[in-house]
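Beneath this line is the structure, given in structure tokens, with notes to follow.
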2 protein chains.
Amino acid sequence: MTSRSTYHHGDLRQAVLAAALDVIAAEGPGALSLRDLARRAGVSHAAPAHHFKDRTGLLTALAAEGYGLLAEALAAAPDLRERGVRYVRFAVEHPAHFQVMFQPALLRADDPDLLAAKERASAELRAGVAGLTDTGDARSAGIAAWSLAHGFATLLLTHNVTGAVGDRDPEEYFRSLTGLLFSGQLPASGRQERE
Amino acid sequence: MTSRSTYHHGDLRQAVLAAALDVIAAEGPGALSLRDLARRAGVSHAAPAHHFKDRTGLLTALAAEGYGLLAEALAAAPDLRERGVRYVRFAVEHPAHFQVMFQPALLRADDPDLLAAKERASAELRAGVAGLTDTGDARSAGIAAWSLAHGFATLLLTHNVTGAVGDRDPEEYFRSLTGLLFSGQLPASGRQERE
DNA sequence: CCCGTATCTAGTCATTGACAAGTTCTGAGT
DNA sequence: ACTCAGAACTTGTCAATGACTAGATACGGG
């Protein structure tokens, strides 16, 4: 990709997005440099700006893409637990997207594409608890489930549970976690001594 | 703080840390600039570097401070649920610390102070599930509880549950979430239709 | 074939992080 | 009280970056 015979790159937008994902996954969003991405794509230093306006624009495009992928990943899940598993799988398979999606400070919050994609993903999340309305507060139930999946995914990506998960498949581990929770093994309100 | 009669600032380290917390809470870690912090403290542009080596050093110091504060906040909680509530409270009251603590890419992972503080906080987290060993896998139970609290805290700080929480106290809302979970209101494995 | 426009290049400026070298102050030891 | 080693801070500098502007090139509809 370093040399290029034609004046036009052909698919610079996708090339930059792909390179950005690599950089973010490896070194985080802070290490992202438009000029570096331009070099990787073999174009001049200002070329990426034409597609994304600025750094924030690029990150916003990535986040929107991420929400779209998440919506796809969650679609047609058989039940709530499986939806959680897919949420975790998404985070593991798309760590760069996931990171950017949940750092509002990096994004243009009012971007139309971002809002639309976010709404699609949000609808999928809500669909996961749509059938639980009569057993309690569906919205709260959804937030509880989302918190569990999101927290596990985040801790996973920040290397805070690597020891416990070990060689096990993270998705499988998460499945067992949900089993643990809903079987009542965790007496959250039970008193206990300070060790 | 803009003018200063003495050659030495007196407490530049603390001044820079405090200013950094303001910036991060308002605009995220990416907006952090050592030179800007120097200006706010009324010192020359290179003064902060003497205390923190570089940008990563500053962020690492903040993260270490954060883990110390978290360990304090969790200490002597009466039960697991209350420990979760305090975890959420910590995130709400120290959003800048919380953000930095869970972005490994920003930190020097092998920093001794960071590791020590992290270990203290980790010990407090483990203590929360120390009494549950006979009811199941204590480590997994701990990770489940941590995931729930961490996920809710993260979603809260990223403005992803503001609508649901509304005017309610986030801590109180989280308390009710744990109640929902452990009362078996959430049939995670129950089949359900696609809406 | 022509021209409007999308795509990309080249040049520039202010800002930043990092480093080096020099200056001012503090305080421990005698 | 004196010295001096080192901590705290300043000044100067360099390469890299984001953002902007103006201009060159190529594509595609009419």
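Throughout, a chain's letter reflects where its sequence line sits, starting with A, and its residues are numbered from 1.
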Contacts of type side chain to side chain contact (heavy atoms under 4.5 Å, CB included), residue [X], not counting sequence neighbours:
{"X": "B:L106", "answer": "B:P29, B:L59, B:Q103"}
{"X": "A:R35", "answer": "A:S33, A:R39, A:H45"}
{"X": "B:E72", "answer": "none"}
{"X": "A:A31", "answer": "A:V23, A:E27"}

Contact list please: residues 25-36 of chain A against DNA chain D, heavy atoms, distance less than 4.0 Å, in numerical order. A:L32, A:S33, A:L34, A:R35
Can you sort out which residues in residues 51-66 of chain A have a heavy atom within less than 4.0 Å of DNA chain D? Ascending by number, please. A:K53, A:D54, A:R55
Taking all atoms of both residues into account, what is the closest heavy-atom pair of A:A117 and A:A64, and its distance? CB-O, 3.3 Å
Within the structure, does a side-chain N or O atom of B:R39 lie under 4.0 Å from either OP1 or OP2 of C:dT16? yes
Should A:H50 be listed as having a side-chain N or O under 4.0 Å from OP1 or OP2 of C:dC8? no
Exercise answer: donor-acceptor pairs, residues 12-22 of chain A side-chain atoms, under 3.5 Å, sequence neighbours excluded:
none

In whole Å, what is the span from the [atom1] atom of [X] to the [atom2] atom of [N]?
{"X": "B:R13", "N": "D:dA8", "atom1": "CZ", "atom2": "C1'", "answer": "14 Å"}
{"X": "A:R40", "N": "D:dT17", "atom1": "CZ", "atom2": "P", "answer": "11 Å"}
{"X": "B:H45", "N": "D:dG12", "atom1": "NE2", "atom2": "P", "answer": "9 Å"}

Heavy atoms from C-beta onward define the side chain here; which of C:dC8, D:dC20, D:dG12 lies closest to that of A:L12? C:dC8
Residue pairs fulfilling side chain to side chain donor-acceptor pair (under 3.5 Å) with at least one residue in residues 59-71 of chain B, sequence neighbours excluded: B:E65-B:H97
Residue pairs passing the side chain to side chain donor-acceptor pair (under 3.5 Å) test where at least one lies in residues 107-120 of chain B, sequence neighbours excluded: B:D54-B:R108, B:E119-B:R126
Starting at the 5' end of DNA chain D, which residue's closest nucleotide do you reach first, A:A46 or B:A47? B:A47
